[in-house]
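Counting from 1, the numbers follow the sequence of the chain as shown.
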Amino acid sequence: IILKMMKKADIWISAVLYMGLGVILLSIILAVGIPIINKVRDKNTAIDTENLMLSLDDKIRAVYSEGPGSRRPFKFEIRKGTFNIDDINEKITWSFETSALLSEPGVDVQKGNLVLTTRDTGSKNIYISSFKIDYNNILNLTLQSSSNEFTGANNLLITNIGPYNSRPTVLISSV
């Protein structure tokens, strides 16, 4: 009788040990895997952001080159970060916090008309990456919206409204 009870106890002890080892292994895999997944997701966000900013720049430059009255719609979605149209300094920026190091901190990386800048936040593996397009000395950028920061899904209308102070003026309005 005692031998049968010990065999049953051995089975339960083995089952508990295997479950404990399984939990430990899953915890280790998650601890290593989640930061890697976050970096890959942030890199994909950066690629999408870069493509979107270059597409916006193409539309603005097309409207600019076609002359007064030219218009283009532009749809985009902000899932992460801050999208800002600064019509005072004629700049468009998109900044977001990331765990992926997209460029050397403090060094501007030029990609066509787009400039990528990464800043170190002081926290371990946390950076602020900014994509910027500067239209200063090229055209006047005017914003017709209740706010210059955009989040979520957005529809913009880009219109060339003619010259002002001898430079073409591009109006960006939210629709």
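Asn113 and Tyr135 form no side-chain donor-acceptor contact under 3.5 Å, judged by distance and modelled atom types alone. Judged by distance alone, the side chains of Asn89 and Asp86 do bring a donor and an acceptor atom under 3.5 Å apart. If you check the side chains of Ser103 and Thr118, you find a donor sitting under 3.5 Å from an acceptor. Donor-acceptor pairing under 3.5 Å is recorded for the side chains of Ser99 and Asp42. When only modelled atom types and interatomic distance are considered, Arg41 and Asn38 share a side-chain donor-acceptor pair under 3.5 Å.
The backbone N or O of Ile161 sits nowhere less than 3.5 Å from a side-chain atom of Thr159 that would complete a donor-acceptor pair. Proximity of a side-chain donor or acceptor of Asn84 to a complementary backbone N or O of Glu149 within less than 3.5 Å is not detected.
Atom CG of residue Leu52 and atom OG1 of residue Thr45 lie 12.0 Å apart, to the nearest 0.5 angstrom. The CG atom of Leu116 sits 11.5 Å away from atom CD of Glu104, with the distance rounded to the nearest 0.5 Å. Note: Met53 CE to Asp48 CG = 13.5 Å, rounded to the nearest 0.5 Å. Here the CZ atom belonging to Arg119 is positioned 5.5 Å from the OG atom belonging to Ser130, to the nearest 0.5 angstrom. With rounding to the nearest 0.5 Å, the separation of NZ in Lys59 from CG in Asp57 is 12.0 Å. For the atom pair Asn125 CG and Thr98 OG1, the distance stands at 10.0 Å (nearest 0.5 Å).
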Tell me which donor-acceptor pairs under 3.5 Å the side chains of residues 162-172 have, and how far apart each pair is, sequence neighbours excluded?
from, atom 1, to, atom 2, distance (Å)
Arg167, NE, Asn140, OD1, 3.3
Arg167, NH2, Asn140, OD1, 2.7
Thr169, OG1, Asn140, ND2, 3.3
Thr169, OG1, Gly162, O, 3.4

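Lys80 NZ: more than 12 foreign heavy atoms inside a 6.0 Å radius. Annotation for Gln144: atom CD does not count as buried by contact number, only 12 or fewer foreign heavy atoms lying within 6.0 Å. Enclosure of atom NZ in Lys43 is not indicated, since only 12 or fewer non-hydrogen atoms of other residues, nucleotides or ligands lie within 6.0 angstrom. By the neighbour-count criterion of 12 heavy atoms within 6.0 Å, atom CD1 of Ile88 is sparsely surrounded, having that number or fewer from other residues, nucleotides or ligands.
In this structure, the side chains of Phe74 and Ser55 come closer than 4.5 Å at one or more pairs of heavy atoms. Within the 4.5 Å cutoff, side-chain heavy atoms of Phe83 are placed close to those of Leu56. Residues Phe150 and Ser145 are in side-chain contact: their nearest non-hydrogen atoms beyond the backbone lie under 4.5 Å apart. Put simply, the side chain of Lys111 reaches to within 4.5 Å of the side chain of Val109, judged on heavy atoms. Here the side chains of Ile158 and Arg71 are not in contact, with every heavy-atom distance at 4.5 Å or above. Counting only heavy atoms from C-beta outward, the side chains of Ile60 and Ile92 approach each other to under 4.5 Å. Between Arg72 and Leu157 the shortest side-chain heavy-atom distance does not fall below 4.5 Å.
The existence of a salt bridge linking Asp108 and Lys132 is excluded, since no basic side-chain nitrogen approaches an acidic carboxylate oxygen closer than 4.0 Å.
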Self-check item: Verdict with reasoning, Ile78 to Asn154, per side-chain contact (heavy atoms from CB on, under 4.5 Å)
Solution: CA-CA 8 Å; Ile78 310 293; Asn154 297 278; 3.9 Å; yes
Exercise. Step by step, work out the side-chain contact (heavy atoms from CB on, under 4.5 Å) result for Ser174 and Leu156.
Key: CA-CA 5 Å; Ser174 60; Leu156 299 178; 4.2 Å; yes
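Taking each heavy atom of Gln110 and Gly112 in turn, the nearest pair found is NE2-O, 2.8 Å. Closest approach of Asp87 and Leu141 over heavy atoms only: CB-O, 3.0 Å. Across all non-hydrogen atoms, the minimal contact from Ser70 to Ala62 is OG-O, 4.5 Å. The shortest non-hydrogen separation linking Leu102 to Ala46 is CD1-CB, 3.5 Å. Residue Asp120 comes nearest to Ile126 through the heavy atom pair OD1-O, 3.7 Å, listed as atom of the first residue, atom of the second, then distance. Taking every heavy atom of both residues into account, Ala31 and Pro35 meet most closely at O-CD, 3.2 Å.
Taking the six-membered ring where the residue is Trp, the centroids of Trp94 and Phe131 are separated by 6.0 Å or more.
At a threshold of 4.5 Å between side-chain heavy atoms, the hydrophobic network of Ile, Leu, Val, Met, Phe, Trp and Tyr places Ile85 and Val115 in two separate groups.
Within the structure, salt bridge (Lys or Arg N to Asp or Glu O under 4.0 Å) pairs that include any residue of residues 90-99 do not occur (at least two apart or interchain).
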